[in-house]
Amino acid sequence: WASAVIGQDEDGIGYLQEPDHTKKVQVFILTGQSNMVGKGVVSPAERKGTLLNLLQNGHYSHLIDSDEKWKVRRDVRAVYRHGLGNQTEWWAHNLTVGWAGDPGNIGPDLQFGHVLGDAFGDAPVLV
């Protein structure tokens with residue numbers, strides 16, 4: 001995590017702490033087109049199949065912290081390339097719901113990142 005910064009981003013979410021350069025970073029690249037864009041719908045809770053609906057029915061409780069807010073994985077960093085050609089931007093954030101600029105949608109990186117973060121323990125993960 002050579003570029004990790006101690007502090008908070010524009011949303012008030014804390015960046016990763018000072019990197020431990022003795023640990024290897026586990027890097028996983030998810031590729032695809034429309035299947036990787038992140039069109040999983042977060043709300044409303046009344047709509048069957050949304051993330052909030054699934055939470056109400058006892059699923060994915062690991063995504064919520066003790067304050068009932070979306071958990072932020074500081075051990076898993078998600079990176080996303082947005083745009084085409086010369087109009088490309090790179091987004092990076094600690095893994096959480098809505099990290100890629102749209103709090104209403106999630107992608108496969110969310111659950112994949114949680115599973116990897118749990119599996120690798122203290123090793124930092126980059127998805």
Side-chain angles (χ1 to χ4, degrees):
W1 302 109
S3 63
V5 176
I6 297 174
Q8 292 185 339
D9 65 13
E10 62 278 357
D11 298 320
I13 295 175
Y15 282 104
L16 297 170
Q17 296 301 309
E18 185 66 32
D20 180 349
H21 296 286
T22 64
K23 296 180 182 177
K24 291 183 178 180
V25 176
Q26 305 298 316
V27 178
F28 295 85
I29 299 172
L30 306 178
T31 64
Q33 292 182 13
S34 61
N35 62 330
M36 301 302 284
V37 172
K39 294 297 182 184
V41 181
V42 174
S43 63
E46 302 78 29
R47 185 170 151 199
K48 187 175 181 176
T50 65
L51 183 56
L52 288 178
N53 178 266
L54 291 166
L55 280 166
Q56 282 184 342
N57 290 300
H59 304 283
Y60 302 106
S61 60
H62 63 280
L63 298 178
I64 301 291
D65 66 17
S66 59
D67 295 326
E68 295 191 12
K69 295 183 179 180
W70 296 120
K71 189 177 287 182
V72 178
R73 292 291 302 240
R74 291 170 181 18
D75 58 337
V76 180
R77 191 85 170 155
V79 179
Y80 176 68
R81 180 179 169 214
H82 178 72
L84 298 169
N86 293 334
Q87 303 299 315
T88 299
E89 295 179 330
W90 288 91
W91 298 344
H93 207 285
N94 293 327
L95 187 67
T96 189
V97 171
W99 75 269
D102 186 351
N105 289 330
I106 56 172
D109 56 320
L110 181 66
Q111 187 64 2
F112 188 68
H114 273 275
V115 170
L116 291 173
D118 291 344
F120 286 104
D122 289 341
V125 175
L126 183 66
V127 178

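When a residue number appears, it is its place in the shown sequence, counting from 1. Model, not experiment: these values are computed from the prediction.
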Quiz prompt | Validation row: Leu95, Asp75 side chains within 4.5 angstrom (heavy atoms) | solution = no
In short, side chain to side chain donor-acceptor pair (under 3.5 Å) pairs touching residues 43-56 with sequence neighbours left out are Asn53-Asn57
With sequence neighbours left out, the residues meeting side chain to side chain contact (heavy atoms under 4.5 Å, CB included) with Thr88 are Arg81, Trp90
Residue set satisfying ring-ring contact (aromatic ring centres under 6.0 Å, His included) with Tyr60, at least two apart, ordered chain then number -> none
Rounding to 0.5 Å, atoms OG (Ser61) and CD (Glu68) come to a distance of 11.5 Å
Residues passing the side chain to side chain donor-acceptor pair (under 3.5 Å) test with Asn86, sequence neighbours excluded, are none
Leu54 and Gly49 have their tightest heavy-atom pair at CD1-O, 4.0 Å
side-chain contact (heavy atoms from CB on, under 4.5 Å) between Phe28 and Leu126, intermediate numbers included: CA-CA 6 Å; Phe28 295 85; Leu126 183 66; over 6 Å; no
Could you check if a side-chain atom of Asn94 sits within less than 4.5 angstrom of a side-chain atom of Arg77, using non-hydrogen atoms only?
-> yes
In this structure, OH of Tyr80 is separated from CG of Leu30 (nearest 0.5 Å) by 12.0 Å
Given side chains that start at C-beta, do those of Val127 and Val79 come closer than 4.5 Å, heavy atoms only? no
Separation between CG (Leu63) and CG (Leu55), nearest 0.5 Å, reads 6.5 Å
Only pairs under 3.5 Å count here: list side-chain donor-acceptor contacts from residues 103-119, not counting sequence neighbours, and write none if there are none.
{"residue": "Asn105", "atom": "ND2", "partner": "Asp102", "partner atom": "OD2", "Å": "2.9"}
{"residue": "Asp109", "atom": "OD2", "partner": "Trp99", "partner atom": "NE1", "Å": "2.8"}
{"residue": "Gln111", "atom": "OE1", "partner": "His62", "partner atom": "NE2", "Å": "2.9"}
{"residue": "His114", "atom": "ND1", "partner": "Arg73", "partner atom": "NH1", "Å": "3.3"}
{"residue": "Asp118", "atom": "OD1", "partner": "Arg73", "partner atom": "NH1", "Å": "2.9"}
{"residue": "Asp118", "atom": "OD1", "partner": "Arg73", "partner atom": "NH2", "Å": "3.4"}

For Glu89, the side chain to side chain contact (heavy atoms under 4.5 Å, CB included) test, sequence neighbours excluded, returns His82, Trp91
By salt bridge (Lys or Arg N to Asp or Glu O under 4.0 Å), Asp65 pairs with (sequence neighbours left out) none
